[in-house]
Amino acid sequence: MFGIIGLGGVGGMLLAHFLNNAGYVPYVVTRTRYGRYLIKFGGGEYEIRVRLVDKLPSDVKYTLIAVKAYDTESIIDKVVNTPVVFQNGIGGVELIRDRLGVGYGAVITYGVTRSEGTVEVRGVGEVILPSSVGEVADTLKAGGANVRVVNDIEPTGG
Ligand SMILES: NC(=O)c1ccc[n+]([C@@H]2O[C@H](COP(=O)([O-])OP(=O)(O)OC[C@H]3O[C@@H](n4cnc5c(N)ncnc54)[C@H](OP(=O)(O)O)[C@@H]3O)[C@@H](O)[C@H]2O)c1
């Protein structure tokens with residue numbers, strides 16, 4: 001089972017949409033809640049199905065983190081099992097790894113805009129994941145995401 005922290009445009013809603021398409025209704029911890037979540041994507045409009053909770057259940061295998069990088073500190077105690085950090089901002093995955101001892105970085109290059117509980121995909125990009133979380137990659141791919149798996153998502157050489 002999958003959990004998501006942060007139900008914003010990219011993380012929450014886009015990832016939840018792909019998980020829905022793959023047959024999952026993810027548990028979600030978020031701050032501001034809306035009555036209904038919709039995604040406009042490729043000329044269609046789809047309801048996003050999530051289970052809003054205050055705390056992720058212990059059977060969550062992967063926690064997909066989609067808060068802004070500067071909010072990472074505030075969600076560390078909400079992570080269950082393996083964290084995968086979807087952020088453009090820097091420092092989030094390092095902080096998670098430092099505090100929890102495990103954490104994988106991922107990148108989303110889709111372009112979206114959000115207005116309350118409605119998100120619109122304006123640019124189709126990629127979801128780039130490290131090979132260590134192949135199960136997440138396979139699931140998002142099954143849900144229609146454009147997924148690329150790489151061996152080294154954080155090259156340090158120059
Ligand atoms: N927007 C894009 O096109 C785009 C593209 C690629 C990558 N990214 C990256 O993806 C990440 C997420 O972006 P986004 O556009 O999805 O951001 P966003 O719309 O601001 O969503 C962040 C979500 O996290 C929630 N949140 C913040 N602190 C929380 C806490 N302590 N507990 C629970 N939920 C909390 C926010 O709640 P509130 O609604 O209450 O603030 C919001 O639902 C960023 O690092 C961004 O750089 C964005």
Side-chain angles (χ1 to χ4, degrees), residues 1-53 56 60-72 74-75 78-93 95-96 103-155:
M1 181 38 84
F2 294 89
I4 295 175
I5 304 178
L7 198 51
V10 171
M13 293 203 251
L14 187 60
L15 291 172
H17 173 65
F18 292 136
L19 291 174
N20 286 170
N21 286 347
Y24 293 92
V25 179
Y27 290 99
V28 175
V29 172
T30 195
R31 196 164 49 190
T32 308
R33 293 184 177 191
Y34 301 99
R36 195 171 176 218
Y37 292 93
L38 285 177
I39 185 165
K40 296 179 182 176
F41 195 162
E45 193 170 301
Y46 311 91
E47 187 106 23
I48 298 170
R49 287 167 294 122
V50 293
R51 291 185 254 204
L52 294 175
V53 291
L56 296 176
V60 159
K61 192 168 174 191
Y62 296 98
T63 298
L64 312 184
I65 299 174
V67 300
K68 294 263 166 67
Y70 54 73
D71 281 322
T72 308
S74 69
I75 58 86
K78 300 178 198 294
V79 174
V80 171
N81 289 318
T82 305
V84 186
V85 182
F86 293 83
Q87 286 172 345
N88 280 353
I90 55 171
V93 69
L95 179 64
I96 291 281
Y104 300 95
V107 177
I108 297 182
T109 63
Y110 282 69
V112 307
T113 56
R114 173 170 73 104
S115 173
E116 301 193 336
T118 300
V119 68
E120 182 171 355
V121 178
R122 295 281 183 90
V124 174
E126 287 182 309
V127 182
I128 306 165
L129 287 145
S131 48
S132 358
V133 288
E135 193 177 359
V136 178
D138 289 347
T139 305
L140 294 174
K141 195 170 181 181
N146 226 353
V147 172
R148 181 152 56 103
V149 176
V150 296
N151 288 325
D152 185 2
I153 205 162
E154 299 164 78

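Counting from 1, the numbers follow the sequence of the chain as shown.
Annotation: salt bridge (Lys or Arg N to Asp or Glu O under 4.0 Å) contacts involving residues 107-121, sequence neighbours excluded, comprise Glu120-Arg122. The salt bridge (Lys or Arg N to Asp or Glu O under 4.0 Å) pairs that include a residue from residues 39-53 are Arg36-Glu47, where partners are two or more places apart or lie in different chains. The stretch residues 4-23 participates, sequence neighbours left out, in these ring-ring contact (aromatic ring centres under 6.0 Å, His included) pairs: His17-Phe41, His17-Tyr46, Phe18-Tyr110.
In this structure, Val84 and Val133 approach most closely via the heavy-atom pair CG2-CG1, 4.1 Å. Closest approach of Ser131 and Asn151 over heavy atoms only: OG-OD1, 3.2 Å. A pairwise comparison of heavy atoms in Tyr37 and Thr32 identifies OH-O, 3.9 Å as the closest pair. Ile96 and Pro83 get closest at one heavy-atom pair: CG2-CG, 3.6 Å. For the pair Val147 and Lys141, the tightest heavy-atom approach, listed with the atom from each and the gap, is CG2-N, 3.6 Å. Gly12 approaches Ala66 most closely through the heavy-atom pair N-CB, 3.7 Å.
Residues satisfying the side chain to side chain contact (heavy atoms under 4.5 Å, CB included) test with Ala16, not counting sequence neighbours, are Ile4, Pro26, Ile48, Val50. By the side chain to side chain contact (heavy atoms under 4.5 Å, CB included) test, Ala69 is found to be paired with Gln87, residues two or more places apart in sequence or in another chain being considered. Partners of Ala22 under the side chain to side chain contact (heavy atoms under 4.5 Å, CB included) rule, at least two apart in sequence or in another chain, are Tyr24, Thr139, Ala142.
Checking side-chain atoms of Asn81 against main-chain N and O of Lys61 turns up no donor-acceptor pair under 3.5 Å. A donor-acceptor pair under 3.5 Å links the side-chain atoms of Thr109 to the main chain of Glu126, judged by distance alone. With Thr63 contributing its side chain and Val80 its backbone, the two residues share a donor-acceptor pair below 3.5 Å.
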message: Run Val119 and Leu14 through side chain to side chain contact (heavy atoms under 4.5 Å, CB included) and show every step you take.
response: CA-CA 8 Å; Val119 68; Leu14 187 60; over 6 Å; no

field: side chain to side chain contact (heavy atoms under 4.5 Å, CB included) between Phe86 and Val127, intermediate numbers included
entry: CA-CA 9 Å; Phe86 293 83; Val127 182; 3.9 Å; yes

- request: Could you walk me through whether Leu129 and Leu140 pass the side chain to side chain contact (heavy atoms under 4.5 Å, CB included) test, one step at a time?
  value: CA-CA 10 Å; Leu129 287 145; Leu140 294 174; 4.0 Å; yes

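Residues Leu56 and Val29 meet the side-chain proximity criterion, which asks for heavy atoms closer than 4.5 Å. Looking at Thr82 and Val136, their side chains never come closer than 4.5 Å, going by heavy atoms from C-beta outward. Using a 4.5 Å heavy-atom cutoff, the side chains of Met13 and Val112 are not in contact.
Between the CD1 atom of Ile75 and the NZ atom of Lys68 there is a distance of 14.0 Å, given to the nearest 0.5 Å. Here the CG atom belonging to Leu95 is positioned 6.0 Å from the OG1 atom belonging to Thr72, to the nearest 0.5 angstrom.
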